[in-house]
Amino acid sequence: MYDEIIKIPFQNVLSKLNIHEDVDIIFEYPKNPSHGDLSTNIAMQLAGKLKKQPRQIAQEIINTIEYDKDLIEKIDIAGAGFINIKFSNKFYTLALKNIYENGENFGKSNKGKGIRVNVEYVSVNPTGLLHLGHGRNACIGDTIANLYEWMGYDVTREYYFNNAGNQMNNLAKSIYARYRQQLDNPDFLFPVDGYHGDYIKEIADELINENSNKLLEDNDENLTTIRKFGENWCFGKIKKTLERMSIHQEVYYNEDSLYSEGKIKDVIGEFKEKDIAYEKDGALWLALTKMGLTDDRVIVKSTGEPTYRLPDIAYHREKFLRGFDILIDIFGSDHIATVPDVLAGVKALGFDPDKVKVYIHQFVTLTENGEQIKMSKRTGKNYTLDDLLDEVGSDVVRFFLLMRGISTHLEFDLALAREQSEKNPVFYLQYAHARLCSVFDNAELKGVILNGDIDFHLLQHETEIKLIKQLLNFPGFIESACNKGEPQVLADYLRELASAFHVFYHECRILDVGEKLSIARLALAKVTMFTMKNGLTILGISAPTRM
RNA sequence: GGUCCCGUAGCUCAGUUGGAUAGAGCACAGGUUUCCUAAACCUGGGGCCAUAGGUUCGAAUCCUAUCGGGAUCACCA
């Protein structure tokens, strides 16, 4: 938006001055508002190449540049050779008019039109309940999917799971042990690596309710029944928890189908054909060293079972074959080691690894009044995501899990989250929206209605212009959050937007200031309201109409 | 030991591609309401950007080393 008005004059002036060096003219937002609205260091970039003083080059540029004086108030030189640009209020009021007339789609883009994106997240196997780390994964994945949708991409939300293998058998054995302990033998031996969580006892209770003692005998058939029961129970809980956070994934992809449909075999065949898999010690190895990694890895064990790498690679191949152009994986930091293997495998199969975007988030710690709350698996006293949702609700959980950069450890302050007051940062954003709704309620009571005849140029107050500036930044922040895979960028932006609004609200009355001005301010309020609502919606947080 | 993430105000964290005087929230001290929601607004103190070198017009940001915290490194998933 800014660029089109300012970039072309700069390009023109450079060619007019016969400067044809290959440099990008970069504009940035100065931190210090007295430096104007935009700033460029082009003169400093050229200084070295032209062997001239930066300030001299800057002077030549501003002497020669031609621009629309109606929209740009001034262009001047500062510091070591920065060129600062200040837009006129008219520029901003026109920009607001433009947004207002385009309506609630402000910030949406069609950059992703026709591009299919698969976002895979959560992907927890049905052996237990979701905890906070999974919650972070889920919120990040869901928000990134929302961001891509806003950018116009065709998005599929996917959950990958495995309901076969050792972990599931382990689940079945754990449930069986609790079943026996509760039914006929309190001393029945619990498996060494079993799942200790209390939920296993819950499952066993329900198993007893439905089957009484029909599954007492320790045989494969019963264990299979129990495994299936456990799987359904866990999946039911997981989906319910996700539902509470408004997370819906349309595809649940079963790892097992990669085997049953022969995809695993296909991949092995391709690797062998390309001569990057070899037999050694009775196992099949993938020659990752040929692809620049430090170690070769086993993909099929000597027992004939594949290691996790093989289905992971086959799964990514499958996603490409299903027609996705971009694959996004949301992983916790514990999965970091698998990434290079999978990417190398994907590349070996002839797909572009750059199209696989892996976002790895760090862990979550739960603290209360500065002390860490343990979430140990062993003790079985897990603090689950459901517990947290019970205590503070989805909006707070989502905001807290999204308000930090994904690559940093996240400290979840339970005391702060519980706080139902102005200390809680999520309410600051929601309150801005509720206040706006309230203004419109009052406007309606007073019979002030936004109609087509709006004089945007009446908005000249400093806080009005600042709010417009903040609104104009929305599309850029959406795009940045999307490209970086950082929901936090949007969360921070919304806090700043809320702040700009609250200041405006404090300084400028919207109603009872004369009809024309009221209507202009209502238009500004309207744009602020739907921008705030859209932003919150992308974060998966509700925009309350009153608080 | 190898790889990855982190180290910025008392606490939790931002800091765009290297830019001008390093920011926010909370906490702390003080102020604002006959007026559309005070869950708001305003003012103030607070910093060796872990440490040491290097790259350059210019480094919290890039490079190297060191220290500290976390993750990971299987024919476990």
Side-chain angles (χ1 to χ4, degrees), chain A residues 24 26 28-32 34-35 39 41 44 47-48 53-54 78-82 84 125 127 162 165-167 193 255 280-285 293-295 297-309 311-312 332-340 360-363 365 367 370 403-413 416 419-432 434-443 445-446 448 476-477 480 483-484 488-489 491-492 495-496 498-499 501-513 518 521 525 546-547:
Chain A
D24 261 348
I26 296 163
E28 57 181 20
Y29 305 111
K31 287 175 203 160
N32 186 335
S34 71
H35 294 141
S39 155
N41 63 352
M44 284 123 113
Q53 293 298 317
F82 290 100
N84 295 334
N125 287 337
T127 59
N162 178 14
N166 279 335
Q167 287 186 51
D193 299 322
E255 179 184 325
K280 194 179 97 184
D281 306 330
L284 188 67
W285 294 70
L293 300 190
T294 47
D295 295 300
R297 300 284 182 192
V298 169
I299 50 174
V300 181
K301 295 186 251 179
S302 52
T303 59
E305 279 175 74
T307 63
Y308 68 91
R309 281 179 203 92
D312 277 1
S333 61
D334 52 335
H335 280 73
I336 199 156
T338 78
V339 176
I360 292 173
H361 61 86
Q362 299 295 314
F363 281 15
T365 53
T367 63
M403 71 180 177
R404 303 294 178 223
I406 67 166
S407 67
T408 189
H409 292 255
L410 189 154
E411 189 163 310
F412 195 109
D413 184 340
L416 182 62
E419 187 86 44
Q420 298 287 316
S421 76
E422 77 283 353
K423 285 178 193 167
N424 194 322
V426 67
F427 296 138
Y428 186 75
L429 310 190
Q430 293 184 312
Y431 181 58
R435 253 187 165 178
L436 281 156
C437 290
S438 161
V439 169
F440 278 94
D441 288 346
N442 288 322
L445 288 175
K446 289 172 192 270
V448 185
F477 276 87
S480 168
N483 290 341
K484 291 184 189 167
Q488 190 232 19
V489 168
D492 265 6
R495 200 192 43 72
E496 278 173 31
S499 172
F501 164 70
H502 285 308
V503 173
F504 155 71
Y505 181 90
H506 190 262
E507 295 292 320
C508 299
R509 277 196 68 83
I510 296 168
L511 303 174
D512 310 316
V513 286
S518 271
R521 284 179 174 165
R546 59 184 67 230
M547 287 172 73

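The sequence lines fix the lettering, A, B, ..., with proteins before strands; numbering per chain opens at 1.
- Across all strands shown, B/rC26 forms a Watson-Crick or G-U wobble pair, both distances under 3.5 Å, with B/rG10.
- Note that CZ of A/Phe363 and OG of A/Ser333 are 4.0 Å apart. Values are rounded to the nearest 0.5 Å.
- In terms of phosphate contacts, A/Lys301 brings a side-chain nitrogen or oxygen within less than 4.0 Å of OP1 or OP2 of B/rC76.
- In this structure, A/Ser499 OG and A/Leu429 CG are separated by 10.5 Å, a value rounded to the nearest 0.5 Å.
- The backbone N or O of A/His409 lies less than 3.5 Å from no partner atom in the side chain of A/Arg404, so there is not a single donor-acceptor pair.
- Using atom P as the reference point in both B/rA38 and B/rU33, the two lie 13 Å apart (nearest Å).
- Rounded to a whole angstrom, the distance from the P atom of B/rA50 to that of B/rA14 is 14 Å.
- Residue-level contact check: A/Thr307 touches the backbone only, with heavy atoms under 4.0 Å from sugar-phosphate atoms and none from bases.
- Taking atom CG of A/Asn84 as the reference point, atom P of B/rU21 lies 13 Å away to the nearest angstrom.
- Of the P atoms belonging to B/rG7 and B/rC13, the separation is 10 Å, rounded to the nearest Å.
- Side-chain N/O atoms of A/Ser39 and base N/O atoms of B/rA20 include a donor-acceptor pair closer than 3.5 Å.
- In this entry B/rC57 has B/rG19 as its Watson-Crick or G-U wobble partner, both defining distances falling under 3.5 Å.
- Note that NE2 of A/His35 is 8.5 Å distant from CZ of A/Phe82, once rounded to the nearest 0.5 Å.
- For A/His502, the side-chain atoms get nearest to B/rA40 when compared with the rest of B/rA74, B/rA40, B/rC26.
- One P atom belongs to B/rC48, the other to B/rA9, and the distance between them is 8 Å to the nearest Å.
- Taking atom P in both B/rU66 and B/rC76, the straight-line distance is 34 Å, to the nearest Å.
- Base pairing analysis places B/rU33 opposite nothing; no Watson-Crick or G-U wobble pair with both distances below 3.5 Å involves it.
- Note that the OH atom of A/Tyr428 and the NE2 atom of A/His502 stand 4.5 Å from one another [nearest 0.5 Å].
- We find that CG of A/Asp334 is positioned 18 Å from P of B/rC76, with the value rounded to whole Å.
- Checking B/rA24, B/rC75, B/rG19 against the side-chain heavy atoms of A/Arg495 singles out B/rA24 as nearest.
- With a 4.5 Å cut-off on side-chain heavy atoms, A/Arg546 and A/Asp441 count as touching.
- A/Asp312 CG to A/Ile299 CD1: the interatomic distance, rounded to the nearest 0.5 Å, is 12.0 Å.
- Taking atom P on both nucleotides, B/rC4 is separated from B/rA60 by 24 Å, rounded to a whole Å.
- Across all strands shown, B/rG1 forms a Watson-Crick or G-U wobble pair, both distances under 3.5 Å, with B/rC73.
- Counting non-hydrogen atoms under 4.0 angstrom, A/Ala434 reaches a base of the nucleic acid.
- A/Ala432 comes within 4.0 angstrom of nothing in the nucleic acid, heavy atoms only.
- Between A/Arg435 and the phosphate of B/rA38, there is a side-chain N or O to OP1/OP2 separation shorter than 4.0 Å.
- Following rounding to the nearest Å, A/Tyr431 (OH) and B/rA39 (C1') show an atom-to-atom distance of 6 Å.
- Contact check for A/Tyr308 versus A/Asn162: no side-chain heavy atoms found under the 4.5 Å cut-off.
- Distances shorter than 4.0 Å separate none of the side-chain N or O atoms of A/Lys280 from OP1 or OP2 on B/rC75.
- If A/Thr338 and A/Ser333 are placed on RNA chain B by their nearest nucleotide, the residue sitting closer to the 5' end is A/Ser333.
- The distance between atom CZ of A/Arg297 and atom P of B/rU72, rounded to the nearest whole Å, is 15 Å.
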Decide side chain to side chain contact (heavy atoms under 4.5 Å, CB included) for A/Lys423 and A/Leu416; before the verdict, give the C-alpha distance in whole Å, the side-chain angles of both, and the deciding distance to 0.1 Å.
-> CA-CA 7 Å; A/Lys423 285 178 193 167; A/Leu416 182 62; 4.1 Å; yes
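- Here B/rU37 presents its P atom at 17 Å from OH of A/Tyr428, a figure rounded to the nearest Å.
- Residues A/Tyr505 and A/Glu422 both approach RNA chain B. Their nearest nucleotides, taken by heavy-atom distance, put A/Tyr505 toward the 5′ side.
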How does each nucleotide of nucleotides 2-13 of chain B score, in 5' to 3' order, for protein heavy atoms under 4.0 Å: base (B), sugar-phosphate only (S), or none (-)?
-> --SSS-----BS
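- Within the 4.0 angstrom heavy-atom criterion, only backbone atoms of the sugar-phosphate kind lie near A/Asn125; the bases stay farther away.
- Across B/rU8 and B/rU32, the matching C1' atoms stand 33 Å from one another, rounded to whole Å.
- With hydrogens and angles disregarded, no donor-acceptor distance shorter than 3.5 Å links the side chain of A/Thr307 to the backbone of A/Val300.
- Within the shown strands, nothing qualifies as a pairing partner of B/rA39 under the Watson-Crick or G-U definition with both distances less than 3.5 Å.
- Distance NZ (A/Lys484) to C1' (B/rU17): 10 Å, rounded to an integer number of Å.
- Residue contacts for A/Asn424: at a heavy-atom cut-off of 4.0 Å it reaches no nucleic acid atom on any strand shown.
- For B/rA50, the paired nucleotide is B/rU66, the pair qualifying as Watson-Crick or G-U wobble because both relevant distances are below 3.5 Å.
- Going from the C1' atom of B/rU61 to that of B/rU56 covers 14 Å, rounded to whole Å.
- Distances shorter than 4.0 Å separate none of the side-chain N or O atoms of A/Asn483 from OP1 or OP2 on B/rU16.
- Closest to the side chain of A/Val298, from the set B/rC75, B/rC41, B/rA77, is B/rC75.
- Taking atom NE2 on A/His506 and atom C1' on B/rU43, their separation rounds to 13 Å, with Å as the unit.
- For A/Glu28, the listed nucleotide lying nearest its side chain is B/rG19; candidates were B/rA77, B/rG19, B/rA39.
- For the atom pair CD1 (A/Ile510) and CZ (A/Phe504), the distance works out to 4.5 Å, reported to the nearest 0.5 Å.
- Among the nucleotides B/rC41, B/rC73, B/rC75, the one closest to any side-chain atom of A/Ala337 is B/rC73.
- Atom-to-atom, CD1 of A/Ile299 to C1' of B/rC76 comes out at 17 Å; the value is rounded to the nearest Å.
- Stacking between A/Phe82 and the base of B/rA20 is present: ring centres sit under 5.5 Å apart and the planes differ by under 30 degrees.
- For A/Asn442, the side-chain atoms get nearest to B/rC36 when compared with the rest of B/rA77, B/rC36, B/rC42.
- Residue A/Cys508 is classed as a base contact, given a heavy-atom separation below 4.0 Å to a base.
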